[in-house]
Structure formats: structure tokens, C-alpha cells
A.B. asks: 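Here it is, the structure, as C-alpha cells.
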Amino acid sequence: MALIAFIGLGQMGSPMAANLIKKGHRLTVYDINQPAVDQLVAAGANAAASPALAAKGAEFVITMLPNGDLVERVLFGESGVVESLSAQALVIDMSTIHPLQSDALCQKMRQRGFSYMDAPVGRTSEQAVTGNLLILAGGSAEQVERARDVLMCMGSELVNCQGPGMGIRVKLVNNYMSIALNALSAEAAVMCEALGLSLDVAISVMSNTAAGKGHFTTSWPNKVLKGDLTPAFMIDLAHKDLGIALDVANQLHVPMPLGAAAREVYSQAKAGGRGKQDWSAILAHVRTTAGRPENH
Ligand code: NAD
């Protein structure tokens, strides 16, 4: 069982640290919020008075903090982790931070001879409590294997994201998609209400369509991801249907800013000669508008 320093005992960090203790690890914890520290001490952790003291002798140092500036401060600030860190230790940042800041922290740690990896988590504090987080492990193959047992005390699933900084990158893209989709889903739900359509019916229908399942696993795999743009459902028709939906929403006074933005994307794709292509060719269109090759 490992000696682990855990820094950042908030909504996520506190139950994650508690799960490490439950699985038999020895924890030294640090947080600026004393009640959070006291709670972990009651669960069996030792308290440290600074990040440096927490990291002393630890095999793993885990940070779970609100942002990258705080991770930097905890690692390199006054009485920071690096002041006492062993060269054999592995620092695992599980916070959600800016990927470029994560890269810079990784680089700075390497330059000083320390080992650092990103391993942000998916899901919420409820899964942090039950130990069912989704762990998105960046880092080298060696680091991921070394951290695996410790990480799996906090999660039920670990994805090796294949390289330093790739955990925080996949987390970023995942959050981008789910956060934007949340707003799009709300537009659709309010449109249902305005139409007098049962939301339960809509949810049951859309749970089995690309609307609810997303395109990565439905309309894309056998079409654009294979380079096949022959139409199963044409961009012209998608543009027409989106136009009808926006027209109806307009009549019902339901604002649809995301749908309106999407219509512009379909209009551009049509104007670029993709009207007769499959709707998954929207990916090829967005790639080219980003100045990237149409096929990856
Ligand atoms: P939180 O605000 O509840 O906890 C942050 C903790 O960090 C607090 O206890 C705070 O006192 C402590 N802290 C702040 N500055 C510190 C410092 N200088 N030294 C030591 N401790 C310090 O946040 P959270 O919900 O636990 O989230 C932590 C990270 O996990 C964030 O990066 C967040 O984006 C990410 N995340 C959160 C969720 C979620 O559902 N809450 C899900 C996935 C990822």
C-alpha cells in the first residue's frame, strides 16, 4: 500500500481521498479549508501543514484543485510540493485545467527531474463518493501503469489516453461537447413544450436516434469516418428540416440560438457544394473551414 499525498479536499477530492483510505492506502492530506482536512483526519488521514510537508516521503502526490494557477501554486509556490518531493514520486494532477497550462506544468516538473501526469476525471461528485469515476489517464505508458492501482481506487473505469496531456485534452473536448449539447437539448425540450408535445415521448424517441445518442456512434462510423460521403441523408434535406424547425420555433417565440448557428454551418456546406453529400460530411466541411485536410 502506498503513501499518498492528497491536496485539494473539495467536493471531488474529499470522497476520492476517503476511497483511497478505504482501499488501505496511507494518506497525508492538505487543504486551505480546515474543516475539510478535519473530516479526512477523522477518516484516517494524517494532516500536513503545507503542500511540501504533505509530499514528504510520498510515492504519489495527487492534486484535485479548482484551476491550473492553484495547481502551479501548490507545486511550485511557497512551501510547495517540489520543495520536498522525492525524484521517485509521481505527481498526478486530477483537476480540470487548461491543457496548455498542464503541458507547461509537466515540462517544468520534468526540467526539475520530477514525474508528472494528468489524470482528470469524468462524471460527478456522486461517482466520486461511490468510487465510480471515469479516469482519463494522460502520461506515458509507464506512468499510467504505475498509477493504475491507485487511480482505480477512485474510479470504475480507466482510459489510457495515450500520452502526456492527452487525458486533459479528452476531458476538455468531452466537456465542450456535453456542455454545448446540454444547451442544444434545452432548446429542443422547450420547443417540445411550445408544440404541446410530451417531453417523455420526445425523450423516448430520441434516446434511439442520432439526436439522443450523438453522431460519433451513429451517423459517422460508416460514413464520413470511412471517407464515404454518398448520402444516406443529404445535407440539402438536413438544411431544409432545420429551416422548418427554426421557422416553427420563431412562430412560437422560442429562441433557438444554437439551432440558428447550426443552420449557418449547413448553409455554408451547401454553398461549398456539399448539398448532395451525406449529412455526416458536415465534419469534412468544418475540417476544411478550419484550414485542415478534409480527410484525417
Ligand atoms: P471544490 O471547489 O469543491 O474543491 C476544491 C478544493 O481545493 C477546496 O477544498 C479548496 O479549499 C481547495 N483549495 C483551493 N485552493 C487551495 C490551495 N491553494 N491549496 C490547497 N487546497 C486548495 O472543487 P471540486 O468540485 O472538488 O473540483 C475539483 C476539480 O475537479 C476542479 O478542477 C473541477 O473542475 C474538477 N471536476 C469537478 C467535478 C464535479 O462534479 N464537481 C467533476 C469532474 C471534475
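Note that these values count all heavy atoms, side chains included, but never hydrogens, waters or copies made by symmetry. Both ligands and their constituent atoms are indexed starting at 1 by order of listing. Since the structure is predicted, the reported quantities are computational estimates derived from the model, not experimental observations.
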A.B. asks: So does Gln162 have more than 12 non-hydrogen atoms from other groups sitting under 6.0 Å from CD?
C.D. replies: no
A.B. asks: Please identify which atoms of ligand 1 are closer than 4.0 Å to at least one heavy atom of Asn33.
C.D. replies: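 Going through ligand 1 atom by atom, the ones under 4.0 Å from Asn33 are 11 (O).
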A.B. asks: For ligand 1, which atoms, with element, lie under 4.0 Å from some heavy atom of Ser125?
C.D. replies: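 Every atom of ligand 1 under 4.0 Å from some heavy atom of Ser125: 40 (O).
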A.B. asks: Within the 4.5 Å heavy-atom criterion, are Leu53 and Ser84 side-chain neighbours or not?
C.D. replies: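 Leu53 vs Ser84: side chains apart.
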A.B. asks: How about Gln143 and Ser115: does a side-chain donor come under 3.5 Å of a side-chain acceptor?
C.D. replies: yes
A.B. asks: To which protein heavy atom is atom 36 (N) of ligand 1 closest, and what is the distance rounded to 0.1 Å?
C.D. replies: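 Of every protein heavy atom, Thr96 OG1, 4.0 Å lies nearest to atom 36 (N) of ligand 1.
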A.B. asks: Using heavy atoms and a threshold below 4.0 Å, how should the contact between Val74 and ligand 1 be classified: side chain, backbone, both, or neither?
C.D. replies: side chain
A.B. asks: Suppose I only count heavy atoms of Leu70 and a 4.0 Å limit; which atoms of ligand 1 are within that range?
C.D. replies: 14 (C), 15 (N), 18 (N)
A.B. asks: Suppose we measure from atom 29 (C) of ligand 1 to each protein heavy atom; which comes out shortest, and what is that distance?
C.D. replies: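 Going atom by atom, the protein heavy atom closest to atom 29 (C) of ligand 1 ends up being Leu65 O, 3.4 Å.
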A.B. asks: Hey, does Asp278 have a side-chain heavy atom less than 4.5 Å from the side chain of Met234?
C.D. replies: no
A.B. asks: Could an N or O of ligand 1 be found under 3.5 Å from any N or O of Thr124, whether backbone or side chain?
C.D. replies: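 No, there is no polar N/O contact under 3.5 Å.
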A.B. asks: At what distance is the nearest protein heavy atom to atom 11 (O) of ligand 1, and which residue and atom is it?
C.D. replies: Asp31 OD1, 2.7 Å
A.B. asks: Using every non-hydrogen atom in the two residues, find where Ala245 and Met191 come nearest and quote the distance to one decimal.
C.D. replies: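 Looking at all heavy atoms of both residues, the closest pair is O-CE, 3.4 Å.
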A.B. asks: Which residue supplies the protein heavy atom nearest to atom 17 (C) of ligand 1, what is that atom called, and how far is it?
C.D. replies: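 In this structure, atom 17 (C) of ligand 1 has Ile32 CG2, 3.9 Å as its nearest protein heavy atom.
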A.B. asks: Trp220 vs His215 aromatic rings, parallel, tilted or perpendicular, using cut-offs 30° and 60°?
C.D. replies: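 It falls in the tilted class, 30° to 60°.
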A.B. asks: Any donor-acceptor pair under 3.5 Å linking the side-chain atoms of Thr230 with those of Lys223?
C.D. replies: yes
A.B. asks: What protein heavy atom sits nearest atom 2 (O) of ligand 1, and how far away is it?
C.D. replies: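 Of the protein heavy atoms, Pro66 CG, 4.2 Å lies nearest.
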A.B. asks: If the cut-off is 4.0 Å to any non-hydrogen atom of Leu9, which atoms of ligand 1 fall inside it?
C.D. replies: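 In order of numbering, the contacting atoms are 9 (O).
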A.B. asks: For atom 20 (C) of ligand 1, what is the nearest protein heavy atom, given as residue, atom name and distance?
C.D. replies: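 It is Tyr30 CE2, 3.6 Å.
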A.B. asks: Which residue and non-hydrogen atom of the protein lie closest to atom 42 (C) of ligand 1, and at what distance in Å?
C.D. replies: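 It is Arg123 O, 3.3 Å.
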A.B. asks: Among protein heavy atoms, which sits nearest to atom 4 (O) of ligand 1, and what does the distance come to when rounded to 0.1 Å?
C.D. replies: Gly10 CA, 3.1 Å
A.B. asks: Compare all side-chain heavy atoms of Phe216 with those of Pro221 and state whether any distance is below 4.5 angstrom.
C.D. replies: no
A.B. asks: Select the closest option to atom 38 (C) of ligand 1 among Met12, Met16, Lys171, Gln34, judged by heavy-atom distance.
C.D. replies: Met12
A.B. asks: Compute the minimum heavy-atom distance from Ala36 to ligand 1 and say whether it is under 4.0 Å.
C.D. replies: no
A.B. asks: Do Asp31 side-chain atoms and Leu9 backbone N/O form a donor-acceptor pair below 3.5 Å?
C.D. replies: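 Flag set: sc Asp31 to bb Leu9 pair under 3.5 Å.
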A.B. asks: Under a 4.0 angstrom heavy-atom cut-off, which atoms of ligand 1 come close to Ser95?
C.D. replies: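 Contacts of ligand 1 toward Ser95, numbered from 1: 32 (O).
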A.B. asks: If we ignore angles and hydrogens, is there a donor and acceptor under 3.5 Å between the side chains of Asp118 and Ser102?
C.D. replies: no
A.B. asks: Looking just at side-chain N and O atoms, do Gln127 and Thr124 make a donor-acceptor pair shorter than 3.5 Å?
C.D. replies: yes
